[in-house]
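Have a look at the structure below, then the notes.
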Protein chains: 2
Amino acid sequence: MSIKKIREQTGFSNSTISRVLNGKAKEFRISDKTTRAIVAAAKKLKYRPNILARSLRLQKTMTIGLIVPDIRNAFFGELSWRIEELLRGHGYSTILCNTNEVPENEEFYLKVLIDRQVDGIIIAPIHTREWKDLHDIRRGTEIILIDRIFYDTDIPWVTGDNLKAAEALTSILIKKGFKRIAYLGGTSGTYINSMRFQGYQNALKAHTLPLIDDIIQFGGYSVEAGEAMMQNLLKADPDIKAVMCVNNLVFQGAMKVVQGYELTTSNPIIMGAFDIHPFCGIFKRPLACASQNLEKMAQAAVSLIVNRIQGKRMRKTHLILPIRVESHRFR
Amino acid sequence: MSIKKIREQTGFSNSTISRVLNGKAKEFRISDKTTRAIVAAAKKLKYRPNILARSLRLQKTMTIGLIVPDIRNAFFGELSWRIEELLRGHGYSTILCNTNEVPENEEFYLKVLIDRQVDGIIIAPIHTREWKDLHDIRRGTEIILIDRIFYDTDIPWVTGDNLKAAEALTSILIKKGFKRIAYLGGTSGTYINSMRFQGYQNALKAHTLPLIDDIIQFGGYSVEAGEAMMQNLLKADPDIKAVMCVNNLVFQGAMKVVQGYELTTSNPIIMGAFDIHPFCGIFKRPLACASQNLEKMAQAAVSLIVNRIQGKRMRKTHLILPIRVESHRFR
DNA sequence: ACGTTTGGCACAATCATTTGTTCCATGTTA
DNA sequence: TAACATGGAACAAATGATTGTGCCAAACGT
């Protein structure tokens, strides 16, 4: 009971107080004297509006749900950081959800968020398509896909041009003269892995290089997966000289193995990977790197969701952002 | 209007429906027939309770605010990840807030969270003590400090034994035979920096080594700060052989410089730092590392806040967790 | 036959706002 | 003087769920 307190102090009605405190005094022609009295009382009583009651009445919570696989992954860490900051600028709070690549968690969180009546959800999904449950539980809530997207969906999304970037990244290694380029991939069937592997294949094809099954693996997106894949790879081909990693975590795992391996064999291995920009500065070794512009990606997602919530129809609701590809310390 | 829908379908009153749906049918001796009818109607209509209305009535939101400096910092990234996961297990959602080391952001977020009537706040504060505003804006909301704490406060907290860990870490370097050990510190006056620097000093004193001002710096907690401090250090003492870094970010910045420097001078520098465990696997070089147990820290914070919310008074409300100190690849 | 217990459920207040409608004075015009 | 406009603010409904109290009938006991 809080507007009530002001009512008891000033004698004015709920409606008048509410209007004054929401800056609608002029609009409802409330006298200056009244306005001043209410504002003074509010200040004296340290009045703070009850957000729950307001949200209940207004049918909006000024809250956005953010569902990512794992915030410990630096990629999603930075993405989440940017999204949270931008949303705050629009007056929204962010509820954070880590699915840990478990589809059941994703469904659980979607339900929770929608039950909480968030105004919108930004999600890097595990599901690879619009499963039917989604429409059952989503009740008018705005949803934006980020990074990982569905095809043939009306749900707006923003992602990077993974296909082209993977092709460019692979081409860098090819142009260095390598003919056997290993691919350490993520979970088979996922959007990111499909795109990047397709780009890898395209590059090989463009240079009339064969696809070699022995040096291609799809082990998942984690550091552990990267470690295991790299170990397998070295068993399959102890002489491998160039390796493409599907993401930063796989790269980290692979690097653990590679750095140890190089100490014993003096067989330098050159690596290419996505989103390993932080490592390019810290490792003094040749690296090829595809760096997504997370600032742009976050901006696009936030702008999409904020506009949709406000009911504005946007011209472009499906965005593919360019990815910068570059090499470091190549001789 | 949603219980209303069930009322229209079944003819039973709000209260009966609410009780059935909250599993209180037995307690209020509602007949099985009625119970079944209501449950069936709820299922048919895909009833979902309105969390806002419930929170308004119950005066609790099942929401916790988490305020950290920057989730991009792997330390807070993992900490946040663990806290979110544990809170979810208790039925809470987590609102994420990054202060970016700006005190005004901290005050802003505290207000926002309290206005949103979160049930509790877990915060790694920028402020170094209980400033008086805090009590004005906090209105009975439970607060737990994590990692960075205040002295002389009734607010519960959990942190690591930074003093002892810094001392042990420095001692490792001393026992390696180094007499000049640089200290690259965080923001002067902050809790973490004070503790760790004190530990560093204690170790020197215990081995009757002098404090050398030229090789001690307090530049802040970021990668950029680490880079700058390391560059300054190399100017001040091009022959430095052992460096202590106050945290993982400073370590990363320093490493950028060190790795380049070593290529040109073949002067190996040994590094010690806090919370660089992920790097210990990936760099094949000697490192001394103080690794905080984030699982324990997150568990403690969550257990503290959940219990406080439930009104339980705990035996220990101020926890100092041990920190594991170890060296990697030392000869 | 009359009072008491118990099963089974409805009523209405409450949580704190926002907002469409209404109402009552003045002041103005015909 | 009656009709009308306008300023200024109150009334009450609506947002959905929870819960203390109260009511009615049937069963039970004496």
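Sequence lines set the chain letters: A, B, ... in the order given, protein chains first and strands last, and positions in each chain run from 1.
- Listed nucleotides: D:dT15, C:dA10, C:dT19. Nearest to the side chain of A:Arg19: C:dT19.
- The side chain of A:Gln59 contributes an N or O atom lying less than 4.0 Å from OP1 or OP2 of D:dG16.
- Using a cut-off of 4.0 Å between Lys/Arg side-chain N and Asp/Glu carboxylate O, B:Lys26 and B:Asp32 are scored as salt-bridged.
- Distance, A:Leu52 CG to D:dA17 C1': 12 Å, rounded to whole Å.
- The listed nucleotides are D:dA9, C:dT17, C:dT14; the one nearest the side chain of A:Asn50 is C:dT17.
- Regarding A:Ile30, its CD1 atom lies at a distance of 19 Å from the P atom of D:dT6, rounded to whole Å.
- Residue B:Ser13 is the one, among B:Ala53 and B:Ser13, whose nearest nucleotide of DNA chain C lies closer to the 5' end (criterion: closest heavy atom).
- In this structure, B:Arg129 forms no cation-pi arrangement with B:Phe150, as its terminal cationic atom is not both closer than 6.0 Å to the ring centre and no more than 45° off the ring axis.
- Side-chain proximity of B:Leu56 to the nucleotides C:dA16, C:dC9, D:dA12 is greatest for C:dA16.
- Considering only side-chain atoms of A:Ile3, the nucleotide from D:dA9, C:dT19, C:dT17 that sits closest is C:dT17.
- In terms of modelled atom types and a separation under 3.5 Å, the side chain of A:Asn100 and the main chain of A:Val102 share no donor-acceptor contact.
- Side chain B:Arg54 to base D:dT18: no donor-acceptor pair is found below 3.5 Å.
- A cation-pi contact, defined as under 6.0 Å to the ring centre and within 45° of the axis, links A:Arg148 to A:Tyr221.
- B:Leu52 places a side-chain heavy atom less than 4.5 Å from the side chain of A:Thr61.
- Rounded to an integer number of Å, the gap from CZ of B:Phe28 to P of C:dT6 is 17 Å.
- Out of C:dA16, D:dA17, D:dG7, the shortest distance to the side chain of A:Arg29 is found at D:dG7.
- In terms of position on DNA chain C, the residue among B:Arg57 and A:Leu58 whose nearest nucleotide sits closer to the 5' end is B:Arg57.
- Listed pair A:Thr16 / D:dA9 fails the phosphate criterion, with no side-chain N or O lying under 4.0 Å from OP1 or OP2.
- As rounded to whole Å, 16 Å separates atom C1' of C:dC9 from atom CG of B:Leu21.
- One atom, NZ of B:Lys5, and another, C1' of D:dA14, lie 14 Å apart when rounded to the nearest Å.
- Residue A:Ser15 places no side-chain N or O under 4.0 Å from the OP1 or OP2 atom of D:dA9.
- Of the residues in residues 31-42 of chain A, those with a non-hydrogen atom less than 4.0 angstrom from any atom of DNA chain D are A:Ser31, A:Thr34.
- Of the candidate nucleotides D:dA10, C:dT19, C:dC15, C:dC15 has the atom lying nearest to any side-chain atom of A:Lys4.
- Both tests pass for A:Arg19 against the ring of A:Phe28: distance under 6.0 Å to the centre and angle within 45° of the axis.
- Per the geometry, NZ belonging to A:Lys60 stands 15 Å off C1' belonging to C:dT19, to the nearest Å.
- Whole-Å rounding puts the B:Arg7 CZ to C:dA12 P distance at 12 Å.
- Between the C1' atom of D:dG8 and the NZ atom of A:Lys26 lies a distance of 13 Å, rounded to the nearest Å.
- Residue B:Lys316 comes nearest to B:Leu304 through the heavy atom pair O-CD2, 3.9 Å, listed as atom of the first residue, atom of the second, then distance.
- Minimum atom distance to the side chain of A:Lys24 is reached by C:dT19, of the listed C:dT19, D:dT19, C:dA10.
- Under the side chain to side chain contact (heavy atoms under 4.5 Å, CB included) test applied with B:Ile38, the options B:Ile17, B:Ile3, B:Ile30 reduce to a single match, B:Ile17.
- Counting any heavy atom pair closer than 4.0 Å across all strands shown, B:Arg48 reaches sugar-phosphate atoms only and no base atom.
- OP1 or OP2 of D:dT18 has not a single side-chain nitrogen or oxygen of B:Asn14 nearer than 4.0 Å.
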